[in-house]
Amino acid sequence: MILLAIDCSARLCAACVYDAGAGRELGRAELDLGKGHAEHLMAVIAEALKNAGLSYRDLGAIAVSVGPGSFTGVRVGVSTARGLALALKIPAIGVTTLEALAAQAREEFWDRAVLVALDGGREEIHAALYDEAAILRYGPAVTTLAEMAGMASKNTPVLAGALAKKIADMAGGRFDFGPQDATADIAVYARLAAGKGAGEKPHPLYLRAADAKPQAGFVLPRTS
């Protein structure tokens with residue numbers, strides 16, 4: 001099966017074409033945007049397909065990062081994946097940023113527990129702990145730096161995610177590190193989705209409410 005993976009959960013707008021049968025990447029495209037994923041995602045997908053020498057009709061599934069991450073970016077990625085899947089009559093498969101970062105860390109530390117921590121804003125941390133068999137043991141959850149430092153001291157896991165170094169500094173021990181980014185390499189999303197297969201339609205993973213809220217004075221009354 002040929003799978004297209006897309007990720008807009010952080011700064012990158014990324015797409016990858018992946019041959020699940022052969023277990024190899026066929027082509028990719030990435031832009032470091034910060035914002036503006038909606039304006040560029042379809043062009044990035046087209047470039048990835050071009051680099052792979054394939055077209056939309058060759059695809060058997062769509063993989064997408066469902067967060068946690070940028071509210072807008074995650075929404076853009078998930079809606080695009082679901083739209084393409086509907087148009088092409090193929091499944092869309094969601095992968096969280098936390099499980100992708102843990103999986104990337106396990107490429108080097110295959111027999112170790114992995115603690116993943118991302119900056120959720122408002123002094124919150126979005127985190128998850130995966131054990132030595134890659135089974136989720138904690139999270140995805142909203143937590144604090146102090147709580148994660150305590151968990152790291154107790155479990156001595158590999159640390160991954162954008163806040164890995166801060167957790168290590170607070171815990172005061174020696175740790176091994178996986179990727180210290182806000183998202184994983186795009187090919188990791190493809191590989192994980194290929195292993196999951198078709199399931200429920202992907203939905204954004206929001207661990208807290210959005211910052212933007214309607215102004216009370218402008219809310220229109222509901223009509224039946």
Between [X] (side chain only) and [Y] (backbone N and O only), is there a donor and an acceptor less than 3.5 Å apart?
X: Arg112; Y: Arg106; value: no
X: Lys196; Y: Gly94; value: yes
X: Gln104; Y: Asp185; value: yes
X: Asp176; Y: Val158; value: no
X: Thr97; Y: Pro68; value: yes
X: His37; Y: Ala10; value: yes
X: Arg82; Y: Pro202; value: yes

Kindly work out whether a path of hydrophobic side-chain contacts (I/L/V/M/F/W/Y, heavy atoms less than 4.5 Å apart) joins [X] to [Y].
X: Phe177; Y: Ile125; answer: yes
X: Val78; Y: Phe71; answer: yes
X: Ile2; Y: Ile93; answer: no
X: Met1; Y: Ile6; answer: no
X: Leu84; Y: Leu26; answer: yes

If I compare all heavy atoms of [X] with all of [Y], which pair ends up nearest, and what's the gap?
X: Ala162; Y: Ala182; value: CB-N, 4.3 Å
X: Tyr56; Y: Ile45; value: OH-CG2, 3.3 Å
X: Ala92; Y: Ala85; value: CB-CB, 3.7 Å
X: Ala105; Y: Gly178; value: CB-CA, 3.9 Å
X: Ala187; Y: Cys16; value: CA-SG, 4.1 Å
X: Leu101; Y: Gly161; value: CD1-CA, 4.2 Å

Spacing of [atom1] belonging to [X] relative to [atom2] belonging to [Y], to within rounding of 0.5 Å:
X: Arg75; Y: Ser70; atom1: CZ; atom2: OG; result: 8.0 Å
X: Asp131; Y: Arg137; atom1: CG; atom2: CZ; result: 4.5 Å
X: Glu30; Y: His40; atom1: CD; atom2: NE2; result: 15.0 Å
X: Leu49; Y: Glu47; atom1: CG; atom2: CD; result: 10.5 Å
X: Lys154; Y: Leu129; atom1: NZ; atom2: CG; result: 10.5 Å
X: Phe175; Y: Leu159; atom1: CZ; atom2: CG; result: 5.5 Å

Go through Leu33 and Arg11 one step at a time and tell me if the side-chain contact (heavy atoms from CB on, under 4.5 Å) criterion holds. CA-CA 5 Å; Leu33 296 175; Arg11 293 188 57 86; over 6 Å; no
Could you tell me whether the side chain of [Y] reaches within less than 4.5 Å of the side chain of [X], counting heavy atoms only?
X: Leu98; Y: Leu118; answer: yes
X: Pro157; Y: Val114; answer: no
X: Met148; Y: Leu115; answer: yes

Name the one of Leu86, Leu4, Leu3, Thr80 that satisfies side chain to side chain contact (heavy atoms under 4.5 Å, CB included) with Ile62? Leu4
Positive for side chain to side chain contact (heavy atoms under 4.5 Å, CB included) with Cys13, one of Ile186, Leu41, Val76: Leu41
Could you walk me through whether Val188 and Glu107 satisfy the side-chain contact (heavy atoms from CB on, under 4.5 Å) test, starting with their C-alpha distance in whole Å, then the side-chain angles of each, then the deciding distance to 0.1 Å, before giving a yes or no? CA-CA 10 Å; Val188 177; Glu107 291 177 356; 3.7 Å; yes
Can you list the steps and then say if Val17 with Asn51 is a side-chain contact (heavy atoms from CB on, under 4.5 Å)? CA-CA 9 Å; Val17 181; Asn51 291 338; over 6 Å; no
I'd like to know whether Tyr138 forms a side-chain contact (heavy atoms from CB on, under 4.5 Å) with Thr143, so could you lay out the CA-CA distance, the side-chain angles of the two residues, the decisive distance to 0.1 Å, and finally the verdict. CA-CA 11 Å; Tyr138 170 85; Thr143 184; 3.6 Å; yes
